[in-house]
Amino acid sequence: MSQEDEILRQRQAQLSRIRDLGFEPYGHAFEFTHTISQILSDYGTRTADELSANPVHVRIAGRIVAIRRMGKAGFLHLQQNGQRLQIYVKKDAINDTAYKLYELLDTGDIIGVGGYLFRTRTGELSIHVEVLDFLSKIMLPLPEKWHGLEDVETRYRQRYVDLIANPEVREVFLTRSRIIRSLRRQLEERGFLEVETPMMQPLYGGAAARPFITHHNALDQDLYLRIAPELYLKRLVVGGLERVYEINRNFRNEGISTQHNPEFTMLEFYQAYADYRSMIELTKELLKQAAADATGSTQVTYDGHQLNFANMWQFTMREAVIEFWPDHDTPSLDNIKDPEWLHRQSKESSPGAALVDLFERYVEDKLIQPTIIYEFPVEISPLSKNKPDDPAFVERFEVFAAGMELANAFTELNDPQEQRHRFEQQLARKAGGDEEAHVMDEDYIRALCYGMPPAGGEGVGIDRLTMLLTGSKSIRDVILFPLLRPEGDIGIVKRLRDLEK
RNA sequence: GGGCCGGUAGCUCAGCUGGUAGAGCAUCGCACUUUUAAUGCGGUGGUCGCGGGUUCGAUUCCCGCCCGGCUCACCA
């Protein structure tokens, strides 16, 4: 018999012994007077003398994460919401039934206790237990106490165990929540309205990506999981919702990497009567404040670098290529504007695509500090408005940090005729084999025909922002349940079934 | 998809040029009524990811496959 089967059998036997003592192995509500964190903050500085002079009685619940038994007494640590408090169980101090229950406890069980606070000989704030209740039985063993759970695959597949065993994981997701809360609050303060637009769309658009396809049975119709909410949000701007935002999932049917998960979270927001310059200023504020709200500082350490969100760098794409040119043969501004020169540097057919190629080759991974890159070629920007003085370029920028793209924003193209041209160019690219090119969205064109106010819009990758603000090297570390291949037979159902025989 | 690395007890890991597997923690038993990596003594626990091949003999060598990580490609 394997160790796991043996432990299951032992614990199955304990279940009935717990019942025989008059406790429920899977209890109901437990009335507590404090959470562990309340006790730590309210009484963490009380001395042993103060606690014995004015006894504090408390009732708490938590998961047992350590047991040290010493004859007819023992110390246990309970964990609740990532914090730990020691409890002391002594035979003399509780009734016989409770003591028998204590003898059955395993690391990982969830219990409730009542008693008074005291400090041990070594000075640790603890509860001197007087009553003990049982709330939930652990059947499978928890990972080892030192190393915790290290196996990356198990951590992602069994995030519940990861969260119990590795307190720092909990911190990452608390920070993620603070980031989103900060962005929401900042947008609300500026009069933005949170909306929800379709995740299942009859046409997909708003980004260059391949979609997931699903099917609605009653309508007998294929639908796409959205690759971006952009075109719907702009329909709302047409309708007079002048400041809107949405924080939700996008789905892109692409490869998986440390920076890509097939479903990921984007913040998108649109502001009527603004342009990309207003968006640049807003972005600087949003990111700086989100960093401060989430981490307590506008500077964070990521992969050995100090990233400063209080002072973002700023280059046009052309300037950036010159600035980060890899050798001494640095091009001039005239070079970089010259289609002939660009053609000599890149295999890409159009000058704009060639510039982007140079940018991606020489610049992108060098943008460690939070940096705004603005003015993009029109070829790769089918939804952005042209620069009036340079129609080959559009009023668009992206934010990079730690070599990653964090955000993408532009002045929205609101001319339906021009938007039709851009979609037609995309259709030509699709016909030429570009699977990520946009499709024609006629209803979107119709919406623009009703007149969309000039507007700025932006998308911010929440997962990547969370990576930066939590020091995570992989996007999987900031997504609770990242996509993995199926793991195969788990076997627990059969084991539980066998236990009942 | 390519390259590299990994999968051995519940967890964290050793295991040499091939000779049928070990440690710590966990678990079980005994002792111990202020410990905190509690301690001391004793025990249980393994389809060595899966399937083939070579060999007298494979955790070890070879081939294929599965799962994961890093990386390149892809990817706004």
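Each chain gets a letter, A, B and so on, in the order its sequence line appears, and its residues count up from 1. If you're wondering where the values come from, they're calculated on a predicted model, not measured in any experiment.
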**Student:** Nearest to the side chain of A:Arg121 - B:U12, B:U27, B:U35?
**Tutor:** B:U35

**Student:** Taking A:Asp49 first and then A:Arg119, would you say they form a salt bridge - that is, a charged N and a carboxylate O separated by under 4.0 Å?
**Tutor:**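 Judged by the 4.0 Å cut-off on N to carboxylate O distance, A:Asp49 and A:Arg119 do not form a salt bridge.
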
**Student:** Which whole-number value in Å describes the distance from A:Ile475 CD1 to B:C75 C1'?
**Tutor:** 12 Å

**Student:** Along nucleotides 66-71 of chain B, 5' to 3', which nucleotides get a B, which get an S, and which get a -, given that the test is a protein heavy-atom distance under 4.0 Å?
**Tutor:** -SSSSS

**Student:** In terms of side-chain heavy atoms of A:Glu124, which of B:C28, B:U35, B:C13 is nearest?
**Tutor:** B:U35

**Student:** Can A:Tyr88 and A:Gln86 be counted as having a side-chain donor-acceptor contact under 3.5 angstrom?
**Tutor:**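 No, no side-chain donor-acceptor contact under 3.5 Å.
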
**Student:** As a test of reading the structure: which of B:C32, B:G45, B:U12 is closest to the side chain of A:Gln3, going by heavy atoms?
**Tutor:** B:G45

**Student:** Would you call A:Glu375 and A:Arg318 a salt bridge, taking side-chain N to carboxylate O under 4.0 Å as the test?
**Tutor:**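 No salt bridge links A:Glu375 with A:Arg318.
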
**Student:** Check the distance between B:C74's C1' and A:His260's NE2 and give it to me in whole angstrom.
**Tutor:**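 Roughly 9 Å, once rounded to whole Å.
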
**Student:** At a heavy-atom distance below 4.0 Å, what parts of residues 368-376 of chain A sit against RNA chain B?
**Tutor:**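 Result for residues 368-376 of chain A: none.
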
**Student:** Can you check the A:Gln259 CD to B:C75 P distance for me, whole Å?
**Tutor:**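 Spelled out: CD on A:Gln259 to P on B:C75 is 14 Å.
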
**Student:** Are A:Phe400 and A:Phe359 near enough that their ring centres are under 6.0 Å apart?
**Tutor:** yes

**Student:** Hey, are A:Asp498 and A:Arg495 close enough for a salt bridge, meaning a charged N less than 4.0 Å from a carboxylate O?
**Tutor:** no

**Student:** Thinking salt bridges, do A:Glu6 and A:Arg9 make one under a 4.0 Å N-O criterion?
**Tutor:** no

**Student:** Counting only heavy atoms and a strict 4.0 angstrom limit, can you tell me which residues of residues 73-101 of chain A come near RNA chain B?
**Tutor:** A:Ala73, A:Phe75, A:His77, A:Gln86, A:Tyr88, A:Lys90, A:Asp92

**Student:** Strictly below 4.0 Å, heavy-atom distances to any atom of RNA chain B: list the hits from residues 134-145 of chain A, or just say none.
**Tutor:**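 Under 4.0 Å from RNA chain B: A:Pro141, A:Pro143, A:Glu144, A:Lys145.
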
**Student:** Does A:Arg422 come within less than 4.0 Å of A:Glu418, counting only side-chain N to carboxylate O?
**Tutor:** yes

**Student:** Starting at atom CD of A:Gln10, determine the distance to atom P of B:G29, rounded to an integer number of angstrom.
**Tutor:** 8 Å

**Student:** Is A:Arg361 salt-bridged to A:Asp357, going by a charged N under 4.0 Å from an acidic O?
**Tutor:** yes

**Student:** Taking atom P of B:U34 as reference, at what distance in whole Å does atom CG of A:Leu125 sit?
**Tutor:** 18 Å

**Student:** Hey, can you pull the residues of residues 397-413 of chain A with a non-hydrogen atom under 4.0 angstrom from RNA chain B?
**Tutor:** A:Glu398, A:Glu405, A:Asn408

**Student:** Which sits closer to the 5' end of RNA chain B, A:Lys72 or A:Ala209, going by the nucleotide each is nearest to?
**Tutor:** A:Lys72

**Student:** Taking Watson-Crick (N1-N3 plus N6-O4 or O6-N4) and G-U wobble (N1-O2, O6-N3), each under 3.5 Å, can you produce the dot-bracket string of RNA chain B? Use [ ] for crossing pairs and | for inter-strand ones.
**Tutor:** (((((((..((((.....[..)))).(((((.......))))).....(((((..]....))))))))))))....

**Student:** Tell me whether A:Lys137 is salt-bridged to A:Asp106, with the criterion being a basic N under 4.0 Å from an acidic carboxylate O.
**Tutor:**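 Answer for the salt bridge query: yes.
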
**Student:** From the set B:C28, B:C75, B:U12, return the single nucleotide nearest to any side-chain atom of A:Asp151.
**Tutor:**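 Selected nucleotide: B:U12.
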
**Student:** Between P on B:C28 and CD on A:Glu103, what's the gap in Å once rounded to a whole number?
**Tutor:** 12 Å

**Student:** In plain terms, say whether A:Asp96 and A:Lys100 are close enough for a salt bridge, that is, a side-chain N and a carboxylate O under 4.0 Å apart.
**Tutor:**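 Answer for the salt bridge query: no.
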
